[in-house]
Structures are given as C-alpha cells and as structure tokens.
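Comments concern the structure below.
Here is the naming used below: chain letters follow the sequence lines, and residue numbers restart at 1 for every chain. These figures come from a predicted structure and were not determined experimentally.
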Amino acid sequence: MPELPEVETTRLGLLPKVKGRRIDEVIVRNRRLRWPIPRNFEKMLAGQTVGDVHRRGKYLLWDCGTGFVLSHLGMSGSLRILQAETAALVHDHVDIVFDNSLVVRYHDPRRFGAMLWLAGRELDHPLLDKLGPEPLSSDFDGNYLHAASRGRRTSIKEFIMNGHVVVGVGNIYASEALFMAGIDPRRYAGTISRARCNKLAESIKQTLANAIRAGGSSLRDYVQADGELGYFQSEAQVYGRDEMPCNVCGSHVRSIRQGQRSTYFCATCQK
DNA sequence: CGAGAGTCCTGAAGGC
DNA sequence: TGCCTTCAGGACTCTC
C-alpha cells in the first residue's frame with residue numbers, strides 16, 4: 001500500500017522523465033476510480049507540457065501550466081514509466097504518452113486511487129483545502145501536535161492518521177512512529193503531554209524520512225510504486241509482527257483493531 | 001464540529 | 001482441487 005515515502009519516491013522517479021515534456025496522447029481504459037475520471041480529461045491534457053510535479057500529502061500534482069493533474073495511488077496504485085509500445089495489462093487504467101516515446105502508466109487493481117484534472121492556476125480544490133501540514137515540514141512539530149490534540153477523545157493513533165491533522169501518516173507508519181515514541185496507540189489524543197507530543201512528532205518525521213531515504217536509494221531512476229518494495233517491511237519494529245517478540249523487550253507484539261484498521265504495538269514498551 | 005460507521009474494489013488467504 | 005467467505009486498506013462521506 002503506497003504510503004507517503006512511496007509517493008515521494010514515485011514523484012522523484014517521474015520528475016526527470018516528464019519535466020518539460022509534452023503530452024502527446026492520453027488513453028483511459030477505465031474511468032471508474034475513487035471518483036470517475038472526468039470526460040474531458042484526455043482533451044485537457046493533450047498538448048500540455050508538464051512543468052514540476054508537486055506532492056501534497058499522498059496527492060501528486062502535475063503542473064501543466066493551465067491546470068494540474070491530481071493523482072492519488074489509493075492503496076494498490078502505481079505509476080510506472082514504460083516505453084510507449086509496451087502492451088497494457090489488466091488494471092492498467094490510464095496511459096499518459098509523452099513526446100519522448102515514454103508513457104506514464106497508471107495501474108490500480110482496487111481502483112481506490114484518483115486521476116483528476118484541476119483547471120486553472122489555483123490549487124483551491126476541496127480535496128486539498130483542509131489538509132493538515134506536511135509531516136516533514138517545520139509547520140509540523142510537537143507544539144502543533146499538542147495544540148491540535150487538546151480536547152480530542154479519539155485515539156492518538158487515529159488522530160495522527162487523520163489528514164486534517166497531518167498528511168501522509170498511513171497505517172504502517174502510525175504504528176511504527178508510536179512504537180518509536182513509546183506511546184500506547186489507544187491513549188486519547190487529548191491526554192498526551194507536550195513532551196510526548198514532541199517525541200511523537202520527531203518519531204513521525206524520522207520514520208518517514210528513513211523510509212524515503214531507503215526507497216530513494218533502492219530505486220534510483222526507475223519508478224516502481226506498487227508498495228511491494230519491501231524496504232520498509234524489513235525494518236518494521238511492530239507492523240505485521242503480531243505475536244512475534246518485541247525487538248526491544250522481547251514481549252509479544254500485540255495486534256488490535258482501531259477504527260477498522262489493524263494496529264500493532266508492544267504493551268510493555270508503549271505506555 | 002467531533003466521533004464512529006459505511007463505502008468503494010480486487011486479490012490473497014483461510015475454511016471446509 | 002475448488003468454491004465460498006473474510007479481510008485488507010486510504011480517505012472521503014454520511015449519520016448522529
């Protein structure tokens with residue numbers, strides 16, 4: 001499942017291939033994603049030249065001058081760079097064909113992802129309006145987390161996964177960051193002290209930055225983004241390790257459900 | 001507004 | 001071997 005590090009790695013892989021390139025053709029094979037791909041999508045993109053590719057949370061925003069392509073990988077999506085003549089396979093829903101005979105191919109078996117056209121220069125789309133700060137920016141720190149969580153009775157784990165609080169913290173990294181910070185995922189967000197909010201904010205930054213670094217070095221100039229990289233799983237301290245010994249204290253890692261999501265934690269190390 | 005549940009979807013895994 | 005059921009998950013959307 002693509003998390004923020006995979007999305008950032010995808011962005012870094014795409015950028016040198018598409019920046020400054022003209023879009024010759026767009027092929028849509030299935031419009032039924034998270035939201036339907038708009039009817040005018042192909043027409044709006046054809047002939048556009050891609051400038052920068054930005055990331056906001058897990059959204060990628062392709063600057064095309066007169067508008068932006070907004071893409072999201074959902075939980076099973078990938079964007080790959082291929083030679084234009086490469087045959088499409090099942091679940092290859094969109095091709096963006098460039099003037100250098102490369103194609104950016106969007107593949108998404110579960111179709112939880114998105115591909116939209118945002119007309120104009122203003123990124124004032126409702127999907128982007130209410131998003132919280134970027135976790136790796138200076139806008140996100142312990143003071144922010146502390147202030148934002150006062151009075152909130154949701155669990156700290158669900159709280160940091162809420163995109164209106166902070167973007168890009170997915171299920172894996174939420175469990176890992178809480179383990180690193182030594183915080184029980186079931187605690188009410190509003191009861192976490194300022195000192196522990198500082199620790200948690202730093203842990204979130206560190207887990208995400210580590211994963212981006214690992215992804216970037218293992219991928220180089222090739223975009224592989226369907227979340228099957230395994231570079232993070234191999235380093236996971238608690239995620240997916242139900243009943244296995246905690247790497248720190250040896251007691252069994254536990255698995256629980258929070259908000260219809262699985263959470264992994266060590267009840268000895270996390271209080 | 002906050003909290004919790006529902007929703008989209010396919011493929012993998014488990015039960016019989 | 002094969003069919004059926006369950007589950008996984010991002011994040012928007014609905015209900016209370």
Side-chain angles (χ1 to χ4, degrees), chain A residues 1-11 28-38 55-61 70-79 88-94 106-116 118 124-135 145 147-178 185-192 204 207-208 211 225-230 232-233 236 238-243 255-264:
Chain A
M1 54 304 300
E3 295 234 21
L4 185 139
E6 287 87 337
V7 177
E8 179 63 11
T9 298
T10 296
R11 187 184 76 82
V28 177
R29 300 187 187 80
N30 189 343
R31 314 192 90 84
R32 299 183 52 224
L33 304 183
R34 178 69 168 81
W35 300 279
I37 295 175
R55 182 184 58 73
R56 183 74 177 95
K58 295 180 188 170
Y59 294 104
L60 288 181
L61 297 156
L70 176 151
S71 63
H72 194 290
L73 300 177
M75 67 158 291
S76 59
S78 65
L79 289 168
L89 303 174
V90 66
H91 305 312
D92 285 342
H93 305 312
V94 180
Y106 175 73
H107 175 92
D108 188 1
R110 292 182 194 177
R111 292 192 271 120
F112 278 14
M115 193 73 79
L116 298 173
L118 312 189
D124 56 2
H125 195 272
L127 288 171
L128 306 171
D129 281 349
K130 290 171 294 179
L131 294 179
E134 289 290 328
L145 200 53
S149 58
R150 292 312 91 182
R152 299 294 297 268
R153 288 177 214 283
T154 192
S155 72
I156 186 63
K157 195 257 193 168
E158 291 175 272
F159 185 71
I160 61 174
M161 285 181 67
N162 181 344
H164 297 161
V165 173
V166 55
V167 296
V169 181
N171 201 40
I172 296 174
Y173 296 94
S175 281
E176 292 298 315
L178 284 163
R186 299 167 294 186
R187 287 189 64 108
Y188 284 160
T191 67
I192 312 284
I204 289 169
T207 50
L208 292 172
D226 50 347
E228 307 296 334
L229 301 179
F232 184 81
Q233 260 79 356
V238 287
Y239 188 84
R241 299 191 66 245
D242 191 23
E243 295 302 314
S255 168
I256 58 172
R257 300 287 295 177
Q258 289 183 294
Q260 300 151 303
R261 294 287 179 282
S262 53
T263 300
Y264 298 87

To the nearest angstrom, the NZ-C1' distance between A:K130 and B:dC1 comes to 11 Å
Close side-chain approach of A:L61 and A:H125, heavy atoms under 4.5 Å
no
### Distance test, side-chain N/O of A:W35 to OP1/OP2 of B:dT7, below 4.0 Å
no
Atom CG of A:N162 and atom C1' of C:dG10 are separated, to the nearest Å, by 12 Å
Contacts of A:R110 and A:L131 projected onto DNA chain C by closest heavy atom; the upstream (5') one is A:R110
Self-check item: Phosphate OP1/OP2 of C:dG9: any A:S262 side-chain N/O under 4.0 Å
Solution: yes
- Item | Under 3.5 Å donor-acceptor pair, A:R152 side-chain atoms to B:dA3 base atoms | no
Closest to the side chain of A:K58, out of C:dG10, B:dC9, B:dG11, is C:dG10
**Request:** Check the side chains of A:Q258 and A:T263 for a donor-acceptor pair under 3.5 angstrom, ignoring hydrogens and angles.
**Result:** yes
Can you find a heavy atom in the side chain of A:E158 that is under 4.5 Å from one in the side chain of A:R261? no
In whole angstroms, the gap separating P of C:dA8 from CG of A:N171 amounts to 10 Å
* To do: Output yes when at least one side-chain N/O atom of A:Y239 is less than 4.0 Å from OP1 or OP2 of C:dG9, else no.
  => yes
Checklist entry - Does the side chain of A:H72 get closer than 4.0 angstrom to OP1 or OP2 of C:dC12 through an N or O atom? => result no
**Message:** Whether the side chain of A:R34 and the base of C:dC12 hold a donor-acceptor pair under 3.5 Å is what I'd like checked.
**Reply:** yes
Problem set entry | Residue-phosphate contact under 4.0 Å: A:Y59 side-chain N/O, C:dC12 OP1/OP2 | yes
note: A:E6, atom CD; C:dG9, atom C1'; distance rounded to Å ~ 13 Å
From CD of A:E158 across to P of B:dG6 the rounded distance in Å is 14 Å
Here the distance between atom P of C:dG10 and atom CG of A:D108, to the nearest Å, is 13 Å
query = With a 4.0 Å cut-off on heavy atoms, is A:L33 in touch with a base, just the backbone sugar-phosphate, or nothing at all?
reply = nothing
Q) When we call it a touch if two heavy atoms are under 4.0 Å apart, what does A:Q260 touch: a base, just sugar-phosphate, or nothing? A) base
CZ of A:R29 to CG of A:L89, rounded to nearest 0.5 Å, is 9.0 Å
From CD of A:Q258 across to P of C:dC7 the rounded distance in Å is 18 Å
Partner of A:H93 under side chain to side chain contact (heavy atoms under 4.5 Å, CB included), picked from A:M115, A:R31, A:R111, is A:R111
Of the candidates B:dA3, B:dG11, C:dC12, the side chain of A:H164 sits closest to C:dC12
Face-to-face stacking of A:F112 with C:dG10, centres under 5.5 angstrom, angle under 30°: yes
(Q) With a 3.5 Å cut-off and heavy atoms only, can you find an N or O donor on one side and an acceptor on the other between the side chain of A:R261 and the base of C:dG10? (A) yes
The reported gap from CG in A:L127 to CH2 in A:W35 (rounded to nearest 0.5 angstrom) is 4.5 Å
Per atom distances to the A:M161 side chain, the nearest of B:dT10, B:dA3, C:dG10 is C:dG10
note: A:R56, atom CZ; C:dG10, atom C1'; distance rounded to Å ~ 16 Å
